Colleague: 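I'd like to ask you about the structure that follows.
In what follows, every heavy atom counts, from backbone to side chain, and hydrogens, waters and symmetry copies are set aside. Just so you know, these numbers come straight off a predicted model, no measurement behind them. Each chain gets a letter, A, B and so on, in the order its sequence line appears, and its residues count up from 1.
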Number of protein chains: 2
Amino acid sequence: MARGSETRVRILDIAQDAVLAKGFDATSIDEIVAAAEITKSGFFYHFPDKNALALALIERHIEVEDAIFDDLFARARELSDDPLHAFLIGLRLLAEMLADMPNGHPGCIVATAAYQDRQFDRAVRDANRRAVLGWRARFRAMFDEIAARYPPREPVDLDALADMVNTVVEGGIVMSKALGEPGATVDQVLLLRTFVKQLFSPDRPV
Amino acid sequence: MARGSETRVRILDIAQDAVLAKGFDATSIDEIVAAAEITKSGFFYHFPDKNALALALIERHIEVEDAIFDDLFARARELSDDPLHAFLIGLRLLAEMLADMPNGHPGCIVATAAYQDRQFDRAVRDANRRAVLGWRARFRAMFDEIAARYPPREPVDLDALADMVNTVVEGGIVMSKALGEPGATVDQVLLLRTFVKQLFSPDRPV
DNA sequence: GGCGCAACCGTACTGCCGGTACAGGAAACG
DNA sequence: CGTTTCCTGTACCGGCAGTACGGTTGCGCC
């Protein structure tokens, strides 16, 4: 058990690095096998096929991301009791975290999967979908609390607003990759922060 | 000349459909060759390798996107002389265009390339980068004009704001693919519209 | 009218990659 | 001691990108 799961984890670690660096297709099983110092048979003992590897990768990635969001917004909540302020602090912490990645965010596995849709089976697509819906629910709850205290200046769909957090991060990663500017994602998150701040700020007298 | 470029265009058409539907890797040359009713030799006469196909696909795609943006915002400009209103109308037209695609936006080839970075050569990455910078310049010019008339409520980097148009579209596409909800992209564009509207609206008295 | 070149065709081949098949072995566990 | 877990080793298949290279067809040009 101990030895088995250890090898499995090692395969996942190696595969994750390669996939984030080169994409899923460009990562060969032979290459993973060589790096993990096992044989091809060993790989196929742990994963029936490459699809299963993708699934395991995505599920693990979702757990990690969830844990990061939990930590980030829990810390933000400790710094302010106000739901709006706490959220704004959370976004700033997120931006700082993204900025601390010298080579930019390695890239979301969810997006990688989304762009290779057809070649993955239902299990992978479902896992992907559940992850996004989970993030929507997370941020929706925060916006519900915020909107209860600060009525939005303009009518907005809070589900869509919740999705916007993810949209901006995913889109930001695409942009930073395309531009070769790691900082692009951070800028986008901070713009979203400005949006949320304005949306829920009470009208100021001129 | 006429016959030659005709075949080349046919290859690109077929390849584009397949790539948007299945992804670049999942699209085989054999398959393109069969659909175009040519031989493999014919394909490699037009493109030295698959990378060159990707490059041609991206360059063509950028031209089309540019033309679409030209048309969209030119029509918007005809509807209003005010730069802010024209931009807001342009975003709405963009949203309508995205909504009219029944199966959602087929997916931006630029993003597909961004997520398979390493397997493409410099030429592809450079083309991608130029496209994004072009879009930045386009929207930056609009925001310059807007900001000159309506000072923004909050200090924002206009380049980052210009990038946000693309960010939201690209991120929206990722989200709609992951969720299986084609409408997600439209919602995100309309949220961006709300943001821009608020950012440049003069303070209203309460 | 022949010459040349662009635009292919046909065939045969290489090497990588995902995946299969199957036999066997070491070590931990009960 | 036997079973199960966790692999190794070897051999193989079909699909795919790409190479090599000789042959062919049609159109423009002198």
Colleague: Quick one: is C/dC8 close enough that its OP1 or OP2 comes under 4.0 Å of any side-chain N or O from B/Thr7?
Modeller: yes
Colleague: With nearest nucleotides of DNA chain C determined for A/Asp30 and A/Pro48 from heavy-atom distances, which residue corresponds to the more 5′ nucleotide?
Modeller: A/Asp30
Colleague: Atom CZ of B/Phe47 and atom C1' of D/dT19: how far apart are they, to the nearest Å?
Modeller: 18 Å
Colleague: The criterion is ring-ring contact (aromatic ring centres under 6.0 Å, His included); which residues satisfy it with B/Phe47, sequence neighbours excluded?
Modeller: B/Phe43
Colleague: With sequence neighbours excluded, tell me which residues meet side-chain contact (heavy atoms from CB on, under 4.5 Å) with A/Asn51.
Modeller: A/Asp49, A/Phe120, A/Asp121, A/Val124
Colleague: Can you measure A/Glu37 atom CD to D/dG9 atom P for me and round it to whole angstrom units?
Modeller: 12 Å
Colleague: Please report, rounded to the nearest Å, how far the P atom of D/dG18 is from the CG atom of B/Asp49.
Modeller: 5 Å
Colleague: Could you state the atom-to-atom distance from CZ of A/Phe43 to C1' of C/dC17 in whole Å?
Modeller: 12 Å
Colleague: For A/Arg8 and D/dC6, give me the distance from atom CZ to atom P, rounded to whole Å.
Modeller: 11 Å
Colleague: Between A/Tyr45 (OH) and D/dC6 (P), how many Å, whole number?
Modeller: 4 Å
Colleague: Check the distance between C/dG19's P and A/Ile32's CD1 and give it to me in whole angstrom.
Modeller: 11 Å
Colleague: Would you mind checking if A/Lys22 and A/Glu31 are paired as a salt bridge, meaning a charged N to carboxylate O distance below 4.0 Å?
Modeller: yes
Colleague: Is there any protein nitrogen or oxygen under 3.5 Å from a nitrogen or oxygen in nucleotides 10-12 of chain D, and what are the pairs?
Modeller:
none

Colleague: Can you tell me if B/His46 touches the phosphate of C/dC8, counting only side-chain N or O atoms and a distance under 4.0 Å to OP1 or OP2?
Modeller: yes
Colleague: Are A/Lys40 and A/Tyr45 in a cation-pi setup, meaning NZ or CZ lies under 6.0 angstrom from the ring centre and within 45 degrees of the ring axis?
Modeller: no
Colleague: Restricting to side-chain contact (heavy atoms from CB on, under 4.5 Å), what partner residues turn up for A/Ala34, sequence neighbours left out?
Modeller: none
Colleague: Looking at residues at least two apart in the chain, or sitting in another chain, which of them share a salt bridge (charged side-chain N to carboxylate O under 4.0 Å, His left out) with B/Arg193?
Modeller: none
Colleague: Report the distance from atom CD1 of A/Ile29 to atom C1' of D/dC16, rounded to the nearest whole Å.
Modeller: 15 Å
Colleague: Taking only residues at least two apart or on different chains, which pairs with a member in residues 132-148 of chain A satisfy salt bridge (Lys or Arg N to Asp or Glu O under 4.0 Å)?
Modeller: A/Asp66-A/Arg138, A/Asp70-A/Arg138, A/Arg77-A/Glu145, A/Arg136-A/Asp163, A/Arg136-B/Glu181, A/Arg140-A/Asp144, A/Arg140-A/Asp159
